[in-house]
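Below, chains carry the letters A, B, ... as their sequence lines are ordered, and counting in each starts from 1.
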There are 2 protein chains.
Amino acid sequence: MDKHVSIKDIALKLGVAPSTVSRALNGNSGVGKALREKIKAMALKLNYKPNPFAVGLVKQTPHIIGIIIPDIVTHFYSSIISGIGDTARANGYSVVITTSYEQYELEKHCIDDLNNIRVEGIIACLSQETSDYKHFENVVNQGVPLVFFDRVCLTDRCSSVVADNERSAYQAVQHLIANGYKRIAYIGGNEHLNIVDQRRRGYVRALADNCLPVYSDLMVDNLPMTYKSGRKAVRQLLALRRRPDAILAINDILAFGAMSEIKSRNLQIPTDIGLVGYSDELHATFVEPALTTVTHHTYEIGSVACDLLLRRINDATVKPKSVVIPTFLKIRASTAKRR
Amino acid sequence: MDKHVSIKDIALKLGVAPSTVSRALNGNSGVGKALREKIKAMALKLNYKPNPFAVGLVKQTPHIIGIIIPDIVTHFYSSIISGIGDTARANGYSVVITTSYEQYELEKHCIDDLNNIRVEGIIACLSQETSDYKHFENVVNQGVPLVFFDRVCLTDRCSSVVADNERSAYQAVQHLIANGYKRIAYIGGNEHLNIVDQRRRGYVRALADNCLPVYSDLMVDNLPMTYKSGRKAVRQLLALRRRPDAILAINDILAFGAMSEIKSRNLQIPTDIGLVGYSDELHATFVEPALTTVTHHTYEIGSVACDLLLRRINDATVKPKSVVIPTFLKIRASTAKRR
DNA sequence: TATTTTTACGCAAACGTTTGCGTAAAAATA
DNA sequence: TATTTTTACGCAAACGTTTGCGTAAAAATA
């Protein structure tokens with residue numbers, strides 16, 4: 001078990017002061033060219049790597065950013081993490097990931113943890129449960145840069161990266177109508193989330209713009225966004241006297257639940273019921289029929305969020321900004337034209 | 001932007017020495033009961049949180065473990081990360097995740113990065129490309145505890161957590177035979193990986209035990225484990241004069257590729273071709289027909305790997321140990337009995 | 001009560017960096 | 001060549017903890 005070599009080791013070997021070694025290695029002025037080269041060569045030879053704890057202690061900025069995500073096991077979030085991570089690394093930052101498991105209480109713990117590590121900034125996506133934002137306000141009040149993505153809040157004080165939720169839902173419904181569907185149902189999620197509210201509005205507006213009535217019993221609202229909920233919502237919708245001929249589910253996992261329940265009733269997709277979900281690229285092609293989905297550029301969401309955060313870190317005066325990453329409707333078999 | 005309060009702040013406020021505060025807060029002896037309580041109360045009131053950089057600097061063990069995984073966007077790995085993370089947290093450790101993106105060169109960088117952070121130990125899964133283990137040997141030689149999972153190496157020097165690969169493949173083939181399939185093909189992966197080699201052996205042994213011939217043209221070997229490869233392998237298999245009536249794909253993403261290609265040829269699963277894949281729970285239920293798969297207890301793999309690592313960290317004399325986490329064959333529609 | 005032991009604290013050094021300041025030596029200028 | 005400026009280094013303090021050691025005061029023992 002060989003100890004890590006320190007600046008002192010190099011200094012001792014070369015008969016110079018540690019401060020000189022530090023300056024040479026960090027490219028600061030005040031050290032002669034020849035000596036600088038000698039120091040660098042020795043550092044390389046001894047495989048010197050700065051001790052991040054010492055650096056973190058002496059500098060007020062240890063170049064770490066924190067992430068708070070609802071869960072890590074869905075492709076949507078892990079792909080966003082990839083985007084954040086790559087951008088962070090490219091700018092000399094490392095990343096610490098915490099998970100709220102969609103729970104408000106755990107989300108608060110995440111903030112504490114990140115705070116303890118002294119992260120320079122935080123990128124967060126709200127948990128499903130979260131409808132009170134005080135814990136995030138505290139972060140902002142402490143001057144810690146904070147950027148939200150997808151499920152956002154405090155947009156007047158924090159930058160955010162969001163999908164064009166209203167438009168995407170509008171477009172999905174428009175597509176269903178164009179393909180001959182007339183009684184289009186909606187399966188929503190926790191209403192306090194911006195994404196839910198916005199997608200709902202897009203759904204309603206699309207119906208209205210096409211002179212279709214908005215039936216409240218075709219809208220299943222304010223449920224947890226789980227596979228189970230998706231199935232339950234469909235049971236509820238199919239129990240109606242006049243059942244829907246298409247469904248917009250505002251979340252991928254809801255859509256998969258819905259699809260499964262529809263199939264178990266021996267109804268055909270897309271002939272009996274058309275189905276549109278939200279998803280990133282991966283899952284939706286595996287199901288049958290392949291699912292028409294609103295698709296996110298997840299990697300880009302991550303990298304843009306990280307960009308915004310780094311900009312804010314480097315300049316506290318930048319104004320909060322909301323970046324919209326356009327989604328696109330990926331049309332597949334589950335909404336094939338009727339007749 | 002209020003500064004973090006330090007031990008010194010507390011000491012100053014209470015008129016005691018910083019060392020006393022430290023001892024009181026860490027539960028060490030040598031501080032009176034009354035004073036200890038006063039210090040604790042003040043720490044709570046001022047919301048004192050120890051500076052991890054200072055602690056990391058002064059202690060040789062900053063209680064961080066590192067993870068190296070091939071990618072973060074598949075459920076298999078992110079679920080394992082959950083298992084590791086929860087176990088680590090429960091033991092007062094935090095976790096840093098690095099990604100090799102299935103590339104040997106990047107895997108080496110991961111090790112460097114983790115080394116720089118001075119992690120106390122590393123949990124790793126080999127990248128597809130990796131067939132040379134020197135970089136890991138160096139880690140071991142430096143005395144850094146190292147545990148592998150799933151795709152492993154250096155098992156004589158490092159503990160590992162693996163699936164029962166040989167048995168699982170055997171069982172899958174056995175199941176196919178029992179259901180009337182006779183010409184069973186095999187789609188493998190990069191041969192230097194232990195999981196590939198072992199699953200291949202299980203496949204061969206099951207055929208032999210059932211007195212079925214082992215045809216080498218029914219075995220597609222040594223390909224990258226990607227969706228594309230899955231499709232390509234099936235194209236190759238279906239081009240044979242006598243095509244297979246069942247396929248064992250040794251990886252989930254290969255299986256999905258295979259399924260997609262089979263369907264595009266208008267062949268029926270399971271009637272024309274039976275299909276078994278490897279997967280964790282999530283994806284396989286979404287496809288149609290639902291895929292019979294060898295299923296892993298991913299969360300458990302993670303938590304056991306973390307346990308092994310922590311045990312090794314706390315006692316350098318523990319012997320390397322290989323823990324096998326049993327898989328189970330989840331039988332679904334894709335291998336329904338013929339006739 | 002006199003001595004020994006224990007308790008309860010503080011002092012100071014250490015972990016590995018960075019950085020402000022000081023100062024010989026070298027270079028530039030007069 | 002004499003003076004001023006610049007260069008090239010070293011010293012020492014600092015970041016926020018922990019911990020070995022020392023020592024008064026208190027408690028226990030003789």
Side-chain angles (χ1 to χ4, degrees), chain A residues 1-43 46-64 92 94 115-120, chain B residues 1-43 46-64 92 94 115-120:
Chain A
M1 169 116 60
D2 55 354
K3 279 276 288 128
H4 281 110
V5 316
S6 75
I7 271 190
K8 280 183 192 168
D9 297 325
I10 299 176
L12 213 69
K13 260 209 158 84
L14 258 36
V16 299
S19 49
T20 305
V21 176
S22 170
R23 273 185 269 260
L25 260 25
N26 290 316
N28 295 333
S29 65
V31 35
K33 211 175 166 191
L35 181 56
R36 182 187 297 267
E37 288 313 314
K38 236 170 63 184
I39 289 173
K40 279 188 177 172
M42 181 60 78
L46 298 180
N47 192 30
Y48 166 75
K49 296 291 163 56
N51 180 321
F53 293 100
V55 177
L57 182 58
V58 75
K59 300 216 182 203
Q60 63 283 60
T61 60
H63 282 218
I64 301 176
S94 55
N115 206 29
N116 294 348
I117 306 178
R118 271 76 169 162
V119 294
E120 277 189 65
Chain B
M1 169 117 59
D2 55 355
K3 279 274 290 130
H4 280 111
V5 314
S6 73
I7 271 190
K8 281 183 192 169
D9 297 326
I10 300 176
L12 213 69
K13 263 215 155 77
L14 257 36
V16 298
S19 50
T20 306
V21 176
S22 170
R23 275 186 268 259
L25 260 26
N26 291 315
N28 295 333
S29 65
V31 36
K33 211 176 165 192
L35 181 55
R36 182 187 296 267
E37 289 312 314
K38 237 170 61 183
I39 289 173
K40 280 188 178 173
M42 180 60 78
L46 298 180
N47 192 29
Y48 166 75
K49 297 289 163 60
N51 180 321
F53 294 99
V55 177
L57 183 59
V58 73
K59 300 215 183 204
Q60 64 283 61
T61 60
H63 282 218
I64 301 178
S94 55
N115 206 28
N116 293 348
I117 305 176
R118 270 77 170 162
V119 294
E120 276 189 65

Can you list the residues that meet the side-chain contact (heavy atoms from CB on, under 4.5 Å) rule with [X], with sequence neighbours excluded?
X: B:Pro18; answer: B:Ile7, B:Lys8, B:Ala11
X: A:Ser19; answer: A:Ala17, A:Arg23
X: A:Leu46; answer: A:Val5, A:Ile10, A:Lys13, A:Met42
X: B:Arg118; answer: A:His4, A:Lys49, A:Asn51, A:Pro52, A:Phe53

Categorize [X] for me: base, sugar-phosphate, or nothing, with a 4.0 angstrom heavy-atom threshold over every strand shown.
X: B:Val55; answer: sugar-phosphate
X: A:Ser6; answer: sugar-phosphate
X: B:Ser19; answer: base

* Covered region of DNA chain C, 5' end to 3' end, by chain A [heavy atoms, under 4.0 Å] ->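 Extent of the interface on DNA chain C: C:dC15 to C:dG20.
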* **All pairs passing side-chain hydrogen bond (donor to acceptor under 3.5 Å, both in side chains) where residues 30-42 of chain A contributes a residue, at least two apart** =>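 The answer is none; no pair qualifies.
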* Asked: More 5' along DNA chain C: B:Gly15 or A:Val58, using each one's nearest nucleotide?
  ->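 Residue closer to the 5' terminus by nearest nucleotide: B:Gly15.
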* Asked: Of all residues at least two apart in sequence or in a different chain, which pass the side chain to side chain donor-acceptor pair (under 3.5 Å) check with A:Ser22?
  ->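 So A:Ser22 forms a side chain to side chain donor-acceptor pair (under 3.5 Å) with A:Asn26.
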* To do: Check each residue of residues 25-41 of chain B for a non-hydrogen atom within less than 4.0 Å of any atom in DNA chain D, then write out the ones that pass by number, or none.
  =>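 Within residues 25-41 of chain B, the residues near DNA chain D are B:Asn26.
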* From CG (B:Asn116) to CG (A:Asn47), nearest 0.5 Å ->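 Here the interatomic distance stands at 8.0 Å.
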* Structure fact -> The dot-bracket string of DNA chain C, counting Watson-Crick and G-U wobble pairs with both distances under 3.5 Å, using [ ] for crossing pairs and | for pairs to another strand, is ||||||||||||||||||||||||||||||
* Heavy atoms, side chains only, cut-off 4.5 Å: are B:Tyr48 and B:Val21 in contact? ->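 Side-chain contact under 4.5 Å: no.
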